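Okay, structure first, notes after.
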Amino acid sequence: MRVDRDSEWSALLRAANAGDAPAYRRFLQQLAPVLRSFVRRMLVRAVAPEADAEDIVQEILLAIHTKRDTWIESAPVAPWVFTIARHKTIDALRRRGRRINVPIDDVAESLASEEGEPNLLGLFLDRYLETLPNVQRKVVEAIAVGGNSIAEAADTLAMSRGAVRVALHRGLAALAARTKGP
Amino acid sequence: MRTDDLIRVLAADPEVEKTPLALALVYGLVPGILLSIALYGVLLGPRPHLADLMSEPRVLFKILYPLAVFACAGPLALRLARPTGNPRPLVALLVLWLLVLVAAVGIELLVLPPDLWRARLIGHNAAFCMVMIPSFAAAPLVGALIALHRGAPKNPTLAGAGAGLLAGAFAASLYATHCPDDSPLFVATWYVLAVLVVMAVGAIAGSRILRW
């Protein structure tokens, strides 16, 4: 079972690194629920609010995205994924430990009601998004919130596709940089 | 942002870094190494009769030993820069190299009359060595750290120390071609100390720069 999962992830990520976007999307979609339960287990162990789980899942996905060339194709994927997941969860906990913990009751409730749904909400990325340069923010929002493709986003924002790609790439790198450990 | 939306955004950015990390490290090191060699050429240059002296075992050891460490430190730094890289085999190899140095010191103590030990240990210019090796290591260290910045080290401090070992070992070998002190006693003390300084600087820089 575990071996199957790893060989499937390997195949998907190998295809993804060769430029296959649908395979990459499938890879991340398969990862998300696994990461979610991983993060929840870590949060329980750290006695940290579980309401942060989805934010941390998103930070992990972002880290996997920006660091996906550090996976060696001949090596298994799962240990690589979980090393990154553990690293980013610890970073996130440390960072949050330095912040004042605002009451998150309402967030926790809305999360609990969506439990089991694949489409959970994170809040921190939106906050980081606010701090991006205008163009990068607009491109990320057009694709994330507006559901546009690169081509559609280019039309909507009156930019070239190349410029959209560059802004997206830089925006994601900048977002990932915000999730660095303290 | 919902996680599914984030995944859509990530999948829309399929651009993967094409240069392998190892090659990136080479690209990072080469300009630094060239800069250090230029600095060496301007400030010091090789010692007189270096070519003739290369047959002298102490001189050969002093130059080649740091190069051997350099050759191990490259792969080590790369492994430390990956989340799942396993540094153990290379650390074992470096421990082996350390034993070689210990053996060289032992042999030197055997063949050298005890009243010369102190003089050989202190050498002619230990302080100069301690300044020049870190100086020649500076540019390669910066290059290595820039290259490893692309990685994802499990422990950024250790990865920085690995970059420091890489840069320091190169600098030690370069300085060895100028240095008039050939005894393994000198090398094991001052060269090692100088490289440790570079490693410490690399570790501190790494703990800041190599976070991700």
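The model shown is predicted, which means the values in this text are computed figures rather than measured ones. A note on names: the letters A, B, ... follow the listed sequences, proteins ahead of strands, and every chain is numbered from 1.
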Structural part of B:L10 lying under 4.5 Å from a heavy atom of chain A: both
More than 12 heavy atoms of other residues, nucleotides or ligands under 6.0 Å from CH2 of A:W71: yes or no? yes
With a 4.5 Å limit on heavy-atom distance, are the side chains of A:W80 and B:R82 in contact? no
Given heavy-atom pairs under 4.5 angstrom as the criterion, report whether the side chain, backbone, both or neither of A:I150 touches chain B. side chain
Is there a donor-acceptor pair closer than 3.5 Å between any side-chain N or O of A:K67 and the backbone N or O of B:G151? yes
Against chain A, label B:R208 side chain, backbone, both or neither, depending on which of its atoms sit under 4.5 Å from a heavy atom there. neither
Looking at A:R170, I'd like to know if its CZ atom is crowded, meaning that more than 12 non-hydrogen atoms belonging to other residues, nucleotides or ligands lie closer than 6.0 Å. no
Any side-chain heavy-atom pair from B:R150 and A:D69 closer than 4.5 angstrom? yes
Is chain B contacted by the side chain of A:T70, its backbone, both, or neither, given a heavy-atom distance below 4.5 Å? both
Side-chain touch A:R36/B:T3, heavy atoms, less than 4.5 angstrom: yes
Side chains of B:D13 and A:R165, heavy atoms from C-beta outward: is any pair under 4.5 Å? no
Between B:W212 and A:I84, is any pair of side-chain heavy atoms under 4.5 Å apart? yes
